[in-house]
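One structure below.
Per chain, numbering begins at 1; letters A, B, ... match sequence-line order. Everything numeric here is computed off the predicted structure, so don't read it as measured data.
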There are 2 protein chains.
Amino acid sequence: MNYEKYSIGQLAKKAGCKVETVHYYEKVGLMPEPPRTEGGHRIYSLPHVKRLNFIRRSRDLGFRIEQVKELLKFIDEPNHYCGEVKAMAMQQARVVQEKIDDLQRLKSALNEMVTHCASGNKPVDDCPIVDALYTEHSTEKSTEKAT
Amino acid sequence: MNYEKYSIGQLAKKAGCKVETVHYYEKVGLMPEPPRTEGGHRIYSLPHVKRLNFIRRSRDLGFRIEQVKELLKFIDEPNHYCGEVKAMAMQQARVVQEKIDDLQRLKSALNEMVTHCASGNKPVDDCPIVDALYTEHSTEKSTEKAT
DNA sequence: ATAGAACCTATAGTTACTATAGGTTCAAGG
DNA sequence: CCTTGAACCTATAGTAACTATAGGTTCTAT
């Protein structure tokens with residue numbers, strides 16, 4: 001027996017996810033419907049492990065399910081080139097950078113609030129943090145500095 | 001000065017959110033059930049506007065609904081002190097920092113992949129990015145929970 | 001042969017909303 | 001006073017990406 005077989009539990013463990021997640025990936029079309037035993041249990045082999053690893057890793061990198069589908073399409077279908085994949089990775093890097101920027105602003109706002117709230121023994125209605133949160137600000141979700 | 005009244009639409013506009021969001025906040029107990037007109041339309045006034053602003057701003061800062069409830073409790077109930085609020089803000093700043101760290105790692109990984117993929121004209125099965133994604137990674141990077 | 005772990009399907013729950021359907025009320029214009 | 005039509009009402013379903021549950025079946029080891 002050259003080709004090792006895996007139960008769904010073993011597969012999930014190898015990819016560091018849960019059995020239910022594999023079910024889910026099958027349902028949404030990321031993982032194929034594998035062969036079954038007589039009794040109906042799924043039987044996986046090495047390519048499945050690799051594919052699931054690919055999916056998990058892509059998800060960890062912040063690709064959404066639909067994007068992972070795109071990536072898998074590049075792999076599943078012939079005649080695709082590395083450039084397409086590279087472009088998606090670059091785009092994803094930009095998205096991630098934007099998230100980082102958002103969070104940096106957010107953290108600054110929080111830190112500023114904390115700094116202004118020097119003492120902790122004021123009653124709440126005198127708290128600069130609460131005050132800052134109450135302040136009416138521009139209706140737009142623009143991330144202006146919190147003053 | 002006076003007691004200006006607002007419809008739910010006006011309220012939502014003032015806080016920069018949607019009417020449905022206000023409905024939702026009422027349902028989950030962040031916003032109180034306001035008085036109504038004869039016909040059943042909600043009537044809001046200035047304190048409602050402030051409260052909704054507080055909620056929106058807290059949400060923007062990354063506090064979850066349940067955390068916002070905590071914060072509001074500090075405000076709604078007497079005998080709370082600024083220190084409790086400050087502690088929550090500091091904790092939130094730490095959470096945000098962790099997210100930033102995660103995303104930084106993620107971006108590095110993506111950038112590294114992109115850098116290695118010098119050319120874009122290789123067939124996909126020769127693409128270093130795809131390769132990197134396929135690679136079996138340490139499965140225990142995730143938080144294993146005790147069984 | 002049997003216990004129990006692992007598997008099966010189907011459905012509901014999670015978070016924080018958003019969108020829809022199908023109806024009612026309100027304010028303005030004629 | 002009557003009619004639009006925008007804004008409102010409630011209730012329900014949908015979103016993303018799983019996770020959890022229920023209730024049943026199969027596999028494996030003793």
Rounded distance in Å - OH (B:Tyr24) to P (D:dT15) | 17 Å

For nucleotides 27-29 of chain D, give me every protein contact, N/O to N/O, under 3.5 Å, one pair per line with atom names.
residue	atom	partner	partner atom	Å
D:dC27	OP1	A:Thr37	OG1	2.9
D:dC27	OP1	A:Gly39	N	3.1

Are side-chain heavy atoms of B:Tyr24 and B:Met31 found at a separation under 4.5 Å?
-> no

Measure from CD on A:Glu26 to P on D:dA17 and round the result to the nearest Å.
-> 18 Å

Could you list the residues that satisfy side chain to side chain contact (heavy atoms under 4.5 Å, CB included) with A:Gln91, not counting sequence neighbours?
-> A:Arg94, A:Val95

Stems in DNA chain D, runs of 3 or more consecutive Watson-Crick or G-U wobble pairs with both distances under 3.5 Å, sorted by first number, are C:1-30 with D:1-30

Tell me whether the OP1 or OP2 atom of D:dC18 has a side-chain N or O from A:Arg59 closer than 4.0 Å.
-> yes

Answer yes or no: does a side-chain N or O of A:Thr21 lie under 4.0 Å from OP1 or OP2 of D:dA17?
-> no

How far apart are the C-alpha atoms of A:Arg51 and A:Asp76, what are their side-chain angles, what is the distance that settles it, and do they pass the salt bridge (charged side-chain N to carboxylate O under 4.0 Å, His left out) test?
-> CA-CA 10 Å; A:Arg51 191 182 183 89; A:Asp76 292 339; 2.9 Å; yes

For the pair made of NZ in B:Lys18 and C1' in D:dA7, what is the distance, rounded to whole Å?
-> 16 Å

More 5' along DNA chain C: A:Gly9 or A:Lys27, using each one's nearest nucleotide?
-> A:Gly9

Give the intermediate values and the outcome of side-chain hydrogen bond (donor to acceptor under 3.5 Å, both in side chains) for residues A:Arg56 and A:Tyr25.
-> CA-CA 10 Å; A:Arg56 287 307 305 163; A:Tyr25 288 159; 2.7 Å; yes

Kindly indicate whether the side chain of B:Ile100, heavy atoms from C-beta on, has any atom under 4.5 Å from the side chain of A:Lys99.
-> no

d(CD1, A:Ile55; P, D:dA17) in whole Å | 13 Å

Taken to the nearest whole Å, CZ/A:Arg42 to C1'/D:dT26 is 13 Å

Taking any atom under 4.0 angstrom from a heavy atom of chain B, which nucleotides of DNA chain C are the first and last to qualify, 5' to 3'?
-> C:dA16 to C:dC26

Please name all residues satisfying ring-ring contact (aromatic ring centres under 6.0 Å, His included) with B:His48, sequence neighbours left out, ordered by chain then number.
-> B:Tyr44

With sequence neighbours left out, what residues match B:Arg64 under side chain to side chain contact (heavy atoms under 4.5 Å, CB included)?
-> B:Gln67

What pair of heavy atoms forms the shortest contact from B:Ser45 to B:Lys5, and how long is it?
-> CB-NZ, 4.0 Å

Please state whether the phosphate of D:dC18, meaning OP1 or OP2, lies under 4.0 angstrom from any side-chain nitrogen or oxygen of A:Arg56.
-> yes

Which atom of A:Phe63 lies closest to which atom of A:Met88, heavy atoms considered = CE2-O, 3.9 Å

Could you tell me whether A:Arg42 and A:Glu33 have a side-chain N and a carboxylate O separated by less than 4.0 Å?
-> no

Considering all heavy atoms, the nearest A:Val22-A:Ala12 contact = CG2-CB, 4.1 Å

